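None of the values given here were measured: they were computed from a predicted structure. All values below come from the heavy atoms of this structure, side chains included, with hydrogens, waters and symmetry mates left out.
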Protein chains: 2
Amino acid sequence: MDFEMNLDERKIKILKAIIKDYILTGEPVGSRTISKKYELGVSSATIRNEMSDLEEWGFIIQPHTSAGRIPSDKGYRLYVDKLMEYQAIEDDQLRLFERTLEQKIDQIDELMMEVAKLISYFTNYTSMVSSPQIQKTKLKHMQLIPLDKRSVMLIIVTNANIVTNNVIRMDVPADQDTLNILSNMLNESLRGLTIEEINLPLIQSLKLKMGIYGEIVNSILDAIDHTIQRKNTPDIYLSGTKNLLNFPEFGDLVKTKQIFHTLEEKELLASLLSKAANDGIKIIIGQENEIDEMKHCSIITASYEIDGKTVGTIGVIGPTRMEYSKAVSILSYISRNLDKLLKKISDG
Amino acid sequence: MDFEMNLDERKIKILKAIIKDYILTGEPVGSRTISKKYELGVSSATIRNEMSDLEEWGFIIQPHTSAGRIPSDKGYRLYVDKLMEYQAIEDDQLRLFERTLEQKIDQIDELMMEVAKLISYFTNYTSMVSSPQIQKTKLKHMQLIPLDKRSVMLIIVTNANIVTNNVIRMDVPADQDTLNILSNMLNESLRGLTIEEINLPLIQSLKLKMGIYGEIVNSILDAIDHTIQRKNTPDIYLSGTKNLLNFPEFGDLVKTKQIFHTLEEKELLASLLSKAANDGIKIIIGQENEIDEMKHCSIITASYEIDGKTVGTIGVIGPTRMEYSKAVSILSYISRNLDKLLKKISDG
DNA sequence: AGTTAGCACTCGAGCTAATAGAGTGCTAAC
DNA sequence: GTTAGCACTCTATTAGCTCGAGTGCTAACT
């Protein structure tokens, strides 16, 4: 028995060949295929011996006796960690992305959806995009608008011109002028802060400052708080869910239905994406996935920033037989350039 | 040959039995099944004779010689037009809907998504919901907010507290006070009008009225116009796309992929739904569908109103073998009560 | 005239057996 | 250490077969 694991260069080459070929074709890869298609200068018999070792060490799997080998999750893991060559994003994709950048998109939700579409179009996988976490963006302007006698709308504009609104039910009626004064005071005190920076001491001092408006301020601060709570789970945009159906591994409708079900659980996806935050590129392969229904998928996520702060995540879902290097390069490129797109919204 | 089409009561009963059974089981229905399961007081041989007529007239189809009959699109059409019995919405569904009504939902997009989820949950089909057309809703409040030296944000609040926002690039800088005055003037002139009522003569008279602010007003009215243009295609919310995979008729992955593809084309769905506007309940069966990829589906849509005006549409997509009466009753109930939900957003 | 029992006929679903071929592991020679 | 050769294994495909559901037609019955 060969208990010592000695991954020499030739074994690496063979493993890479198996993974590449299997990602390309989806069919188990045999020793003859490798010796013919990939120039290793050795015969299929030698390769068979090497493959036997690779299988013993768990990097590849034989679906049945008379079939070739397919990579295991462990094999893919080694591949993405050490073996994979990063590739540049393709020129035409670059151009298409630039063109999108030139388009006039003035709503953040449209932009997010457009980004999701681009990712799924570029990768041929299902894409996910989470909108910027509002807590980490800075307050730019607040405005109170009278709706009727007892209710007021609070509009909050942040950093990248993300607009949220909130109806506040007032105990005390307030007229337009009062609301304008209040809006000004709020702006003076809070502008430039991120929403998560608005804490209890700050709120107390605000109440004192507001003097006669104290009681109204209460409701308003509640509303701000409510905004934070509600927006704790960011909006999730999906695109290209149909792409999963392209892959024979999703021919089993029962399993595939479960995946589609998961994709509709936006909270689940939100937590999945938020875990990836701050990590740059993160790759989850098959069984590594925490969500049971996703254990036959791989997920790649990439976080993106506004003003140097990580505020959201983009990602793709595909079969474990995923074109990791391609997907990584695309996600990495888009995540690095997403802040430009977001800034463009601000420019009006 | 029997060229005269004489649809007597017994034939109707048999046709109804075939459709009911096929909707239930998805299997072709034989004459013996009908004579045993549905009490018609005649033998299978008699039913065979009648079925032969029904087939000749195109209401049912025999997939192959030794199979039972399945309804044709024409058969379903007759069924939904004349034969179908409307059924009351189930009690537990009613309760669940009421409970949703009690929940605090203060954003229109959340509400729309919630409604879509309810519909797909109730019907087990894929649901579509289009957000209220902003053009037909009335202006409640407009507010200009300064962002930076050269740009201003226009917030428009309409009827059901639907909020839209728009960044305006100004040629002339404008300070907070000017913007407040302008906001007030705009509100006085335009409040209560629907957006589509804001036409050229009105705009002209506004410009005169605004006097010294004339040049600024231009940009603002452009922005309003832009809002109308952009929001011409309403937002579409989908839920339960995975439900399609429940039905054996969508086992063919190639066709199903096409349907999923169509479901991602929001513009297409928007036009599909908008065509249904003003029509109350509308049923599109199989081949009747204009979209090729949808010719194996049936679609039911129902329009909904705000303040007596039709502003949007809800609907379901399923196999032609759809539980029409159930789906119709659910859509009809929800569409009739949707305005209550929308009003609740207004109440804060 | 309408209904029904009886029966031959058709055709798909599902089972079995046979075959072809891809790929392996092992052995012996290089 | 490498490789040619070969027996062996297992799947996928095909062909042939049977079974049974369902039909249409005919002849008898009411």
Measure all distances between protein nitrogen or oxygen atoms and nitrogen or oxygen atoms of nucleotides 8-15 of chain D, and list the pairs falling under 3.5 Å.
from: D/dC10; atom 1: O2; to: A/S66; atom 2: OG; distance (Å): 2.8

Over 12 foreign heavy atoms within 6.0 Å of CD, B/E265:
yes

In whole angstrom, what separates A/E50's CD from C/dC26's P?
15 Å

Flag side-chain contact, heavy atom, 4.5 Å: A/C297 against A/I259
yes

Mark yes when over 12 heavy atoms from residues, nucleotides or ligands other than B/K295 sit less than 6.0 Å from its NZ; otherwise mark no.
yes

Min side-chain heavy-atom separation B/E90-B/Q93 under 4.5 Å:
yes

Using 4.0 Å as the upper bound for N to carboxylate O, is an ion pair formed by A/D73 and A/R77?
no

Starting at atom CG of B/L54, determine the distance to atom C1' of D/dT23, rounded to an integer number of angstrom.
15 Å

Do A/R32 and C/dG23 have a side chain to base donor-acceptor pair shorter than 3.5 Å?
no

For A/S52 and B/A45, take the nucleotide of DNA chain C holding the closest heavy atom to each; which residue's nucleotide lies nearer the 5' end?
B/A45

May I ask you to verify if any side-chain N or O of A/R69 is less than 4.0 angstrom from the OP1 or OP2 atom of C/dG25?
yes

Rounded distance (Å) that lies between atom P of C/dA22 and atom CD1 of A/I47
18 Å

Proximity of A/F122 and A/F97 rings by center, below 6.0 Å
no

When Watson-Crick pairs (N1 to N3 and N6-O4 or O6-N4) and G-U wobble pairs (N1-O2 and O6-N3) count only below 3.5 Å on both distances, what is the dot-bracket string of DNA chain C, with | for other-strand pairs?
||||||||||||||||||||||||||||||

How long is the line joining CG of B/N49 and P of D/dT23, in whole Å?
11 Å

Between B/F247 and B/Y125, is the ring centroid distance below 6.0 Å?
yes

Where the side chain of A/M51 is defined as all heavy atoms beyond and including C-beta, which of C/dT24, D/dG24, C/dG23 is the nearest nucleotide?
C/dT24

Between B/Y86 and B/Y324, does the ring centre distance come in under 6.0 Å?
no

Rounded to the Å, how far apart are A/L40 CG and D/dG1 C1'?
16 Å

Separation of D/dG22 atom P from B/I34 atom CD1, nearest Å, is 10 Å

With respect to the phosphate group of C/dG2, does any side-chain polar atom (N or O) of B/R10 fall under 4.0 Å of OP1 or OP2?
no

Side-chain donor-acceptor pair present, B/S44, B/S31, cut-off under 3.5 Å:
no

Take atom NZ of B/K36 and atom P of D/dA21, then tell me their distance rounded to the nearest Å.
10 Å

Once you apply a heavy-atom cut-off of 4.0 Å, does A/S31 come out as touching a base, just sugar-phosphate, or nothing?
sugar-phosphate

CZ of A/R48 versus P of D/dC6: gap in Å, rounded?
14 Å

